[in-house]
Amino acid sequence: MSDLHIRCAGLDDIDGVLRFWPEAAEGTSISDDRDGVSRLVVRDPEALLLAERDGRLVGTVIAGFDGWRCHVYRLAVHPAFRRQGVATALLEAADARFAALGGRRADAMVLEANERAQHAWAAAGYHREDHWRRWVKPL
């Protein structure tokens, strides 16, 4: 995929990302708004990775590192560009970021009902840990 370009998102990319996620990502997040994504980009300018082909946004991933754990969110590939190595390239870029930061293990949030995504994550070397459950509390 030599024509695929991966780069970090900037503040000027936020509106495009927010338009992209409803057509490419599964599910929604409480932070799927301009304020939420802006905070991410300002706090950690290298966390939101964009995959582009011919200047068009075709994929995203958030590769967050809090100093303790590596977290992967919002792996999304436009339906017209799936099964072309975009997700693999994004996850490799996330892995490289984590390795450079000294990360030791990455975890990913994957929807239970999204079987297609589960296969993609497994192909990337991730496995499900059934002994953990995510607990949440809106703030």
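- Among residues two or more places apart in sequence or in another chain, the salt bridge (Lys or Arg N to Asp or Glu O under 4.0 Å) test is passed with Asp12 by none.
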Step-by-step side chain to side chain contact (heavy atoms under 4.5 Å, CB included) determination, His78 to Val86 | CA-CA 9 Å; His78 189 279; Val86 176; over 6 Å; no
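- Legend: residues meeting salt bridge (Lys or Arg N to Asp or Glu O under 4.0 Å) with Asp13, ordered by chain and number and at least two apart, are Arg7.
- Qualifying salt bridge (Lys or Arg N to Asp or Glu O under 4.0 Å) partners for Asp54, counting only residues two or more places apart in sequence or in other chains: none.
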Would you please test Leu48 and Ile14 for side chain to side chain contact (heavy atoms under 4.5 Å, CB included) and show each step?
-> CA-CA 10 Å; Leu48 177 53; Ile14 293 171; 5.9 Å; no
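- Side-chain contact between Leu49 and Cys8: present, with at least one pair of heavy atoms (C-beta onward) separated by less than 4.5 Å.
- Listed here is the closest heavy atom pair of Arg53 and Asp3: NE-OD2, 3.0 Å.
- Across all non-hydrogen atoms, the minimal contact from Leu40 to Ala47 is CD1-CB, 3.9 Å.
- The minimum heavy-atom distance between Pro22 and Arg19, with the atom names listed, is CD-O, 3.3 Å.
- No path of Ile, Leu, Val, Met, Phe, Trp and Tyr side chains, each step under 4.5 Å between heavy atoms, connects Ile30 with Val41, placing them in separate hydrophobic clusters.
- The line from OG of Ser31 to CD1 of Ile62 is 8.5 Å long, rounded to the nearest 0.5 Å.
- Scanning all heavy atoms of the two residues, the minimum distance from Phe65 to Cys70 falls at CD1-SG, 3.5 Å.
- One distance of note links CG of Leu90 with CG of Leu4; it measures 7.0 Å at 0.5 Å rounding.
- The number of heavy atoms from other shown groups lying within 6.0 Å of CD (Glu46) does not exceed 12.
- Contact record, Phe98 with His71: CZ-O, 3.7 Å, taken as the closest heavy-atom pair.
- Side-chain contact check for Thr88 versus Glu92: some heavy-atom pair is nearer than 4.5 Å.
- Contact record, Gln84 with Ala80: NE2-O, 3.1 Å, taken as the closest heavy-atom pair.
- Distance CZ/Arg56 to CG/Leu50: 14.0 Å, rounded to 0.5 Å.
- A 4.5 Å side-chain heavy-atom check between Val37 and Trp21 finds at least one atom pair inside the cut-off.
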